[in-house]
Number of protein chains: 2
Amino acid sequence: MHSNPSQRIDLKGLAQVLGLSMTTVSRALNGYSDVSEKTRRRVEKQARLLGYTPNAQARRLTSGMTETIGFVLGDVSGYYDDPYFAQLLAGMSEVLTRLNYDLVISTRGAGGDPLGGYRRLVDERRVDGIVLDRTRRDDERIAFLLEAGMPFVSFGRSEVSGDHAFLDADCEEAGYIATRRLLGLSHRRIAFLGAPRGYMFNHLRLRGYERALNEAGLDIDPQLVTVTAYEEEGSFHAATGLLRLDHPPTAIVCIDDMAAMGAIVAVRSEGLEVGEDVSIIGYNDIAPAALMDPPLTTVRIDSRAAGRRLAEMLLAVIAGRPASVFQEVWAPTLVVRSSDGPAFASRLYPTGTPPLATTPDQPLPAGEA
Amino acid sequence: MHSNPSQRIDLKGLAQVLGLSMTTVSRALNGYSDVSEKTRRRVEKQARLLGYTPNAQARRLTSGMTETIGFVLGDVSGYYDDPYFAQLLAGMSEVLTRLNYDLVISTRGAGGDPLGGYRRLVDERRVDGIVLDRTRRDDERIAFLLEAGMPFVSFGRSEVSGDHAFLDADCEEAGYIATRRLLGLSHRRIAFLGAPRGYMFNHLRLRGYERALNEAGLDIDPQLVTVTAYEEEGSFHAATGLLRLDHPPTAIVCIDDMAAMGAIVAVRSEGLEVGEDVSIIGYNDIAPAALMDPPLTTVRIDSRAAGRRLAEMLLAVIAGRPASVFQEVWAPTLVVRSSDGPAFASRLYPTGTPPLATTPDQPLPAGEA
DNA sequence: TTTGACGCCCAAAGCGCTTTGAGACTATCA
DNA sequence: TGATAGTCTCAAAGCGCTTTGGGCGTCAAA
């Protein structure tokens, strides 16, 4: 009867079969030292034989741990169409599964409350910890979770970041190296195709862009700094706007590869050649980047590895390690492919090579191709 | 003390404050009819006041419902880089959150067991139901879940599909209309750039492709039917192989938009023009499809809506509705953009327009551009 | 021999909820 | 008036596990 494999067996049943108490069986299975080796082996064997697996709900109720961590989907669907996101998830799942943790995906839920999804996870004690991404400069989720005492780790920093755990790419560096790359190709009119201002990663990348420009003795032209609504069409329109300026850019630093795709289309639809008339640099190095036409020069960050690390960090924080220990900033790397090229190749300024970095105040040549 | 909002309050505490029994409070909150309207209102008000939310774990243990559904990530990472997947997830989350359900994402786990992730969800009773995707012609997951008595719904059918719930695109129709479209553009050498044979959607789409060809009086050329390893590079290589045949295709039906991207790059790197020398049709209509160069003609299925519907169906099955009631096949629609064009524009067969469908056995002209 | 000190095991008390099976009233009908 | 039928509420029994706080041998040291 109890040996019927299709009949779920519980701890009590298993204990009965073994002629032991539930306590002993439980402790044997959970690796307590006050169970003799011999008994443990006997228990384990029988458990395997009968296909015993503890009921996750019961264990959770008792232990007060949910063995679950949460992730709340933002409401802007465009965010999660990005393959980088799937990679992040996959990376997280990878380590969580290994440790028998679940990853639950929630949404913000109806109503305007941007904390809705988080409240639910916290109030109903559905999770032991939470992963955030797309952090904002002033991120209310961080304040909320901090106050609620819920362990969390964010993919990205924030200006209110205090002692919490985070993993972030060095966004400023990313903006910097992309811009440096273009400066090295003698570009002088370099645009920044960004995400909404509030996002920390946008803020930092813009800073890197500005720093590189300033170091090269160039001023920031506000006309060249745009913000998109974070959808592909947004970046297409924004890029089109840039290209139609009186003094269009010969290069565009894009906030991510998806935006770069939009920019590429915009360049083409203006009758220009990507990598010649206008150089494009993306960010993330999503899988299709290498397969675009032209293959995209981009700044790479390994989302899957980031997902793994985020999960590890969060688990450590849940286990009681101080969150402030886990603050990592990863260096991005430039992946050079073919969407960028020397400025002199651009037909946008046919009167000649753009002015050198050392002569910034010399007026830029006018006229479009 | 009990009114300290930072202090979590439980059912017992709430009952004490109200001077009622836990039973009554519980029943009031859960909408039982044997609680007077007056009491219910009083309970609800106090619960709101004190910020009471039931402990999800406890409720789950008691009720035997986990209020959670599961999704297991396949091991081929390429599958989930596809934006369609994020859409599917988002759609599911949308309806699940509304009904206070969680969506847990798991992975197959280490070891070769392809059912690993599923076993875990089932054995430890972590979920009330499961969503499958990427079904195979002979899908062991279906057999497993059927036997385990775990409610599930699959996105895609299978040849072993019996009475379980599924939602699927009409894949055969999708393959058919894509191929018909190309036939209508007078293409005669039409290739099929597919996924591995075992996948049901691949199987069906191939069938649609073959049917269209046969109806047009054309034979199937096995050389034109390829299978990729389901990564972008795979489709690039497969497409390159096709284009280097002695009699290359003037059109390619791709298994999805990601594969189409690979194919597009392949076409270009062979010095050919997409939409002129070689027409390309994708599948899914992922967000970037409209922004590719050229904008991709594709067969559309609304993944987000599919996600929503899958969740609804699964919830219904969990609630006890017979699974066999929920078997839906959605009609895909052709979205014409610019990656396909008339066969006569192709430089691959400069000797003239390919033979008409009515004269299939006439030998095809040879020679490449 | 007594006293600890281990080593191994167990009964019982929860974890926070839902549900069962009654009980105490009040209203209705014969 | 008693019987019958609601109406509203409650005590207590779990759900399946973990953990606390012993208990009972056995063995070495005193």
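We name chains A, B, ... by the order of the sequence lines, and we start the count at 1 in each one. From a predicted model like this one, the values you see are computed outputs, not experimental measurements.
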Ring centres under 6.0 angstrom apart (Phe85(B), Phe155(B)): no
Nucleic acid contacts - residues 96-104 of chain B versus DNA chain D, non-hydrogen atoms under 4.0 Å: none
Distance, rounded to the nearest Å, where Arg126(A) contributes CZ and dC17(C) contributes C1': 14 Å
No-hydrogen, no-angle side-chain donor-acceptor test under 3.5 Å, Asn100(A) and Arg126(B): yes
Value in whole Å for how far the C1' atom of dG16(D) lies from CZ of Arg59(A): 11 Å
Salt bridge (Lys or Arg N to Asp or Glu O under 4.0 Å) partners for Asp113(A), two or more places apart: Arg119(A)
Sequence neighbours excluded - ring-ring contact (aromatic ring centres under 6.0 Å, His included) pairs with any residue from residues 121-154 of chain A: Phe152(A)-His164(A)
Residue list, salt bridge (Lys or Arg N to Asp or Glu O under 4.0 Å) with Glu147(A), at least two apart or on another chain: none
Interatomic distance where CG belongs to Leu14(B) and P belongs to dT18(C) [whole Å]: 12 Å
Sequence-distant partners of Tyr118(A), ring pair (Phe, Tyr, Trp, His ring centres under 6.0 Å), two or more places apart: none
Side-chain donor-acceptor pair present, Thr135(B), Ser154(B), cut-off under 3.5 Å: no
Separation of atom CD in Gln57(A) from atom C1' in dT18(D), rounded to whole Å: 15 Å
Contacts of type salt bridge (Lys or Arg N to Asp or Glu O under 4.0 Å), residue Asp139(A), not counting sequence neighbours: Arg141(A)
d(CD, Gln16(B); P, dG16(C)) in whole Å: 13 Å
dC15(D) phosphate, OP1 or OP2, under 4.0 Å from Asn55(A) side-chain N/O: no
Side-chain donor or acceptor of Thr53(B) paired with backbone N/O of Asp123(A) under 3.5 Å: yes
Nucleotide N/O of nucleotides 24-26 of chain D paired with protein N/O under 3.5 Å:
none

Residues forming a salt bridge (Lys or Arg N to Asp or Glu O under 4.0 Å) with Arg157(A), sequence neighbours excluded: Asp168(A)
Heavy-atom donor-acceptor pair, Gln57(A) side chain to Arg125(B) backbone, under 3.5 Å: yes
Reading 5' to 3' through nucleotides 8-14 of chain C, protein heavy-atom contacts under 4.0 Å coded B for base, S for sugar-phosphate only, - for none: BBBBB-B
Atom pair distance, as rounded to whole Å: CG in Asp10(A) and C1' in dT18(D): 14 Å
Distance test, side-chain N/O of Tyr32(A) to OP1/OP2 of dT20(D), below 4.0 Å: no
Evaluation steps, salt bridge (Lys or Arg N to Asp or Glu O under 4.0 Å), between Glu312(B) and Arg309(B): CA-CA 5 Å; Glu312(B) 287 168 4; Arg309(B) 186 64 188 137; 2.9 Å; yes
Length of the line joining Arg60(A):CZ and dT19(D):P, which is rounded to integer Å: 15 Å
Listed once per pair and sorted, the salt bridge (Lys or Arg N to Asp or Glu O under 4.0 Å) pairs that draw on residues 83-96 of chain B, sequence neighbours left out: Glu94(B)-Arg304(B), Glu94(B)-Arg308(B)
Degree of bending, the helix from dT1(C)-dA30(D) to dA30(C)-dT1(D) (end axes from five pairs; round to 10°): 60°
Leu18(B) CG to dC8(D) C1', straight-line distance once rounded to whole Å: 15 Å
Ring pair (Phe, Tyr, Trp, His ring centres under 6.0 Å) partners for Tyr101(A), two or more places apart: none
